Amino acid sequence: MNYKSFKLSIVSIFVLAFAFIPKAHANSVVPCDGCDATQRQNAAGGGAPAGSGTHPVYVTDNGNKLVEKYEVTVESEPGFSFIQVVLVPLEPAISALITKYWQEVEQGQTADWIVDEAFSNGTPDFMANYAARARTLNNWGTYGLPSQLNGSTAIGLGLLAQLTQHLQGFANNGFITVRLRFSDGGSVVVSIKLVIVSSPNAAGVSMERYEVVPGSAQVHGIPLPENVGDFNNFSVMGNSFNGDGLEAIYRYADLIGVQTSCVPSGQDRFTCDAHGKCTLEWSGSSCP
């Protein structure tokens with residue numbers, strides 16, 4: 001879009017009663033999730049500091065996956081206030097950060113992050129082995145959000161902190177959902193809480209904590225049991241399953257402390273007794 005026509009199309013002038021203008025700080029950041037253009041303009045006007053002057057106000061919108069910047073000019077007189085709200089381009093560093101962030105969030109939700117075998121040997125290894133899980137998630141930036149935010153110092157760390165507190169992966173109780181896919185044909189969904197870590201010269205994205213989504217771990221389309229009780233009568237039959245997947249689940253049982261044995265049988269399933277000892281009845285020529 002031509003910048004001149006763009007600028008003309010987004011100028012909005014309106015009048016608000018002085019008493020209804022909330023107090024705020026310069027470089028205000030206000031949320032307006034799922035808003036349309038008019039609602040975001042109104043939110044920017046409401047976020048402007050009281051008192052005369054021109055102030056930058058940023059509006060975050062998680063619903064539409066964007067951040068907008070407005071210049072809000074306030075001319076105050078006793079009894080009323082005249083406000084002009086103009087949408088202006090984001091600083092290049094902020095624009096790059098936000099664009100990259102939403103690209104990564106969308107990919108994490110709709111596609112799969114492929115986990116390097118150097119981090120984890122497979123889905124069971126990730127689920128049962130804390131060290132493997134730590135290796136995978138500590139290196140999540142290798143195939144997820146970059147660990148370093150290019151140009152972040154040009155933004156200003158104070159503004160960066162304000163912006164990210166309104167983005168879903170950084171805000172209080174906010175997580176982004178990421179599907180991790182492993183070389184054994186399995187996958188698991190992890191909810192990740194992000195945090196900005198800053199120093200005088202740089203800023204980066206780090207993982208504050210994570211939660212494995214219950215029931216999301218699977219190998220070759222078959223959900224992994226998550227405790228000893230889930231193994232009883234757990235069937236691994238079906239065209240979507242193969243010997244490699246069965247071997248992975250057998251190894252997984254051992255990793256989470258299930259006492260297992262294997263016997264030749266016409267079925268591919270686990271059966272467990274009252275003491276939690278499980279037997280893999282396998283139709284293959286030899287047990288894993």
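Just so you know, these numbers come straight off a predicted model, no measurement behind them.
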Handout entry: Main-chain N/O of D125 paired to N129 side chain as donor or acceptor, under 3.5 Å
Key = no

Problem - Test item: Q39 side-chain N/O and D36 main-chain N/O as donor-acceptor pair under 3.5 Å - result: yes

Problem - From R209 atom CZ to I192 atom CD1, the distance as rounded to the nearest 0.5 Å - result: 12.0 Å

Practice task
Verify the neighbour count for atom CD of E117: are there more than 12 heavy atoms of other residues, nucleotides or ligands below 6.0 Å?
Solution key: no

Problem - Any side-chain heavy-atom pair of S187 and Q218 under 4.5 Å - result: yes

Exercise for the section: Can you spot which of L180, V212, V178, T177 makes a side chain to side chain contact (heavy atoms under 4.5 Å, CB included) with V189? Expected result: T177

Problem - Heavy-atom side-chain proximity of L137 to F126 below 4.5 angstrom - result: yes

Exercise for the section: With rounding to the nearest 0.5 Å, note down the distance linking CZ in F270 to OG1 in T260. Expected result: 6.5 Å

Practice task
Keeping the roles fixed (side chain from D273, backbone from H275), state whether a donor-acceptor pair exists under 3.5 Å.
Solution key: yes

Problem - Within-4.5 Å side-chain heavy-atom neighbours: V188 and F182 - result: yes

Handout entry: Beyond-backbone contact of R40 with L66, side-chain heavy atoms, under 4.5 angstrom
Key = yes

Problem - Non-hydrogen side-chain atoms of E208 and F175 separated by less than 4.5 Å - result: no

Fill in the blank from the handout: One should read off an interatomic distance between T279 OG1 and F231 CZ, to the nearest 0.5 angstrom, of 12.5 Å

Exercise for the section: Decide yes or no for Y210 and R133: does some side-chain heavy atom of the first lie under 4.5 Å from some side-chain heavy atom of the second? Expected result: yes

Problem - Minimum heavy-atom distance between V67 and L90, given as atom pair plus value - result: O-CD1, 3.2 Å

Handout entry: Test log, rule side chain to side chain contact (heavy atoms under 4.5 Å, CB included), inputs N138 and F119
Key = CA-CA 9 Å; N138 287 342; F119 303 151; over 6 Å; no

Problem - Side-chain donor or acceptor of N62 paired with backbone N/O of H166 under 3.5 Å - result: yes

Practice task
Supply the atom-to-atom distance D33 CG to K65 NZ, rounded to the nearest 0.5 angstrom.
Solution key: 11.0 Å

Handout entry: Over all atoms of both residues, closest heavy-atom pair of D230 and P225
Key = CB-CB, 3.5 Å

Exercise for the section: To the nearest 0.5 Å, tell me how far S183 OG sits from D116 CG. Expected result: 9.0 Å

Problem - Side-chain donor/acceptor of K69 to backbone N/O of L87, under 3.5 Å - result: no

Handout entry: Beyond-backbone contact of N172 with Q165, side-chain heavy atoms, under 4.5 angstrom
Key = yes

Exercise for the section: For W102 and L167, run side chain to side chain contact (heavy atoms under 4.5 Å, CB included): C-alpha distance rounded to whole Å, both residues' side-chain angles, the deciding distance at 0.1 Å, then the answer. Expected result: CA-CA 10 Å; W102 284 117; L167 298 180; 4.2 Å; yes

Exercise for the section: Would you mind reporting whether L159 and I94 have side-chain heavy atoms less than 4.5 Å apart? Expected result: yes

Practice task
Identify the two heavy atoms, one from T136 and one from S120, that lie closest to each other, and give their separation to 0.1 Å.
Solution key: OG1-CB, 3.4 Å

Exercise for the section: Of all the heavy-atom pairs spanning A217 and T123, show the shortest one and how long it is. Expected result: CB-CG2, 4.4 Å

Problem - Polar side-chain atom of S28 near backbone of G47 as donor-acceptor pair, under 3.5 Å - result: yes

Practice task
Can you see which heavy atom on V59 is nearest to which on C32, and at what distance?
Solution key: CG1-CB, 3.7 Å

Handout entry: Contact summary for F170 and K193, nearest pair of heavy atoms
Key = O-NZ, 2.6 Å

Handout entry: Expected output: side-chain Y101 to main-chain G169 donor-acceptor under 3.5 Å
Key = yes

Practice task
Mark yes or no for whether D61, through its side chain, and C35, through its backbone, hold a donor-acceptor pair below 3.5 Å.
Solution key: yes

Fill in the blank from the handout: The reported gap from OG in S216 to CE in M127 (rounded to nearest 0.5 angstrom) is 6.5 Å

